[in-house]
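Below is one structure, written out as structure tokens, with a few remarks after it.
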Amino acid sequence: MTNIVLNVIVLVVLVVVSWRVLRRLRPGPLVWTAVVMCVLTLVFDTLMIAADLYVYAPDKILGVYVWGAPLEDFAYALAAALGVPVLWTVLGARGRDRAADDRATPGRATDGRADEDAR
């Protein structure tokens with residue numbers, strides 16, 4: 001399996017799994033984040049490849065390079081630009097729900113310990 005096939009599969013699964021959260025997020029910040037991440041990937045991948053820090057197997061990549069970075073490397077930037085805001089939203093909602101449950105339960109402090117006044 002080539003890197004591009006694996007990247008497409010991962011991106012499709014990421015979008016399908018996180019679609020409910022992604023459609024609630026504003027598209028502008030997501031697009032700008034993806035653009036910034038791709039520019040950073042372009043610059044730093046090119047530098048790391050030029051410094052011979054890593055080499056790609058020619059039979060695993062398409063051979064299409066943007067500046068000096070293989071096209072496949074940009075999928076990781078896109079996955080991060082989509083996945084991190086989704087995780088932030090989901091985990092933040094869980095934290096808010098947990099805090100609301102702690103406030104609603106009498107005799108419990110916010111850190112889960114028994115409230116001294118409730119004894």
Side-chain angles (χ1 to χ4, degrees):
M1 179 181 314
T2 61
N3 289 348
I4 195 72
V5 172
L6 183 62
N7 291 344
V8 168
I9 291 169
V10 168
L11 286 173
V12 167
V13 169
L14 176 67
V15 169
V16 168
V17 168
S18 60
W19 180 249
R20 289 180 54 199
V21 176
L22 278 173
R23 66 183 181 169
R24 292 185 318 207
L25 298 176
R26 295 182 316 167
L30 288 176
V31 169
W32 279 110
T33 301
V35 168
V36 169
M37 293 292 292
C38 286
V39 168
L40 290 172
T41 298
L42 175 73
V43 171
F44 289 105
D45 270 18
T46 300
L47 292 174
M48 289 187 287
I49 291 169
D52 287 331
L53 292 177
Y54 55 91
V55 179
Y56 291 95
D59 59 329
K60 296 291 183 184
I61 62 172
L62 289 175
V64 177
Y65 289 86
V66 179
W67 199 16
L71 184 64
E72 291 88 348
D73 272 3
F74 294 95
Y76 306 113
L78 294 176
L82 294 175
V84 171
V86 167
L87 281 175
W88 185 273
T89 302
V90 169
L91 295 177
R94 280 190 185 164
R96 285 189 300 274
D97 291 346
R98 187 175 297 130
D101 288 345
D102 286 346
R103 284 192 300 270
T105 305
R108 288 194 57 172
T110 57
D111 61 0
R113 293 178 292 146
D115 190 10
E116 295 298 323
D117 295 335
R119 290 187 197 175

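In what follows, residues are counted from 1 in the order of the sequence shown.
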Next on the checklist: Tell me whether L87 shares a hydrophobic cluster with V13, the cluster being built from Ile, Leu, Val, Met, Phe, Trp, Tyr side chains joined at under 4.5 Å.
Outcome noted: no

Item to check | Any residue meeting side-chain contact (heavy atoms from CB on, under 4.5 Å) with A57, in chain and number order, not counting sequence neighbours | outcome: D59, K60

Checklist entry - Among pairs that include at least one residue of residues 38-72, which meet ring pair (Phe, Tyr, Trp, His ring centres under 6.0 Å), considering only residues two or more places apart or in two chains? => result Y54-Y56

Checklist entry - Among the clusters formed by ILVMFWY side chains lying less than 4.5 Å apart, do V12 and V84 turn up in the same one? => result no

Item to check | Taking every non-hydrogen atom, the tightest pair across A79 and L14 | outcome: O-CD2, 3.6 Å

Item to check | Contacts of type side-chain contact (heavy atoms from CB on, under 4.5 Å), residue V66, not counting sequence neighbours | outcome: L42, L71, F74

Checklist entry - How long is the span from the CE atom in M37 to the CG atom in L82, to the nearest 0.5 Å? => result 10.5 Å

Show every donor-acceptor pair shorter than 3.5 Å between a side-chain atom in residues 22-32 and any protein atom, with sequence neighbours excluded, or say none if there are none.
none

Checklist entry - In the hydrophobic clustering (ILVMFWY, side-chain contacts below 4.5 Å, transitive), which residues join L78, or is it alone? => result L11

Item to check | Hydrophobic cluster identity match, W88 and V21, side-chain contacts under 4.5 Å | outcome: no

Checklist entry - Side chains of I49 and P70: closer than 4.5 Å at any heavy-atom pair? => result yes

Side chains of residues 1-8: which donor-acceptor pairs under 3.5 Å do they make with residues two or more places apart or in other chains?
residue: N7; atom: ND2; partner: N3; partner atom: O; Å: 3.3
residue: N7; atom: ND2; partner: E72; partner atom: O; Å: 2.8

Checklist entry - So among L47, L40, T46, which one has a side-chain contact (heavy atoms from CB on, under 4.5 Å) with V43? => result L47

Checklist entry - If every non-hydrogen atom of P85 is compared with every non-hydrogen atom of A80, which pair is closest and at what distance? => result CD-O, 3.8 Å

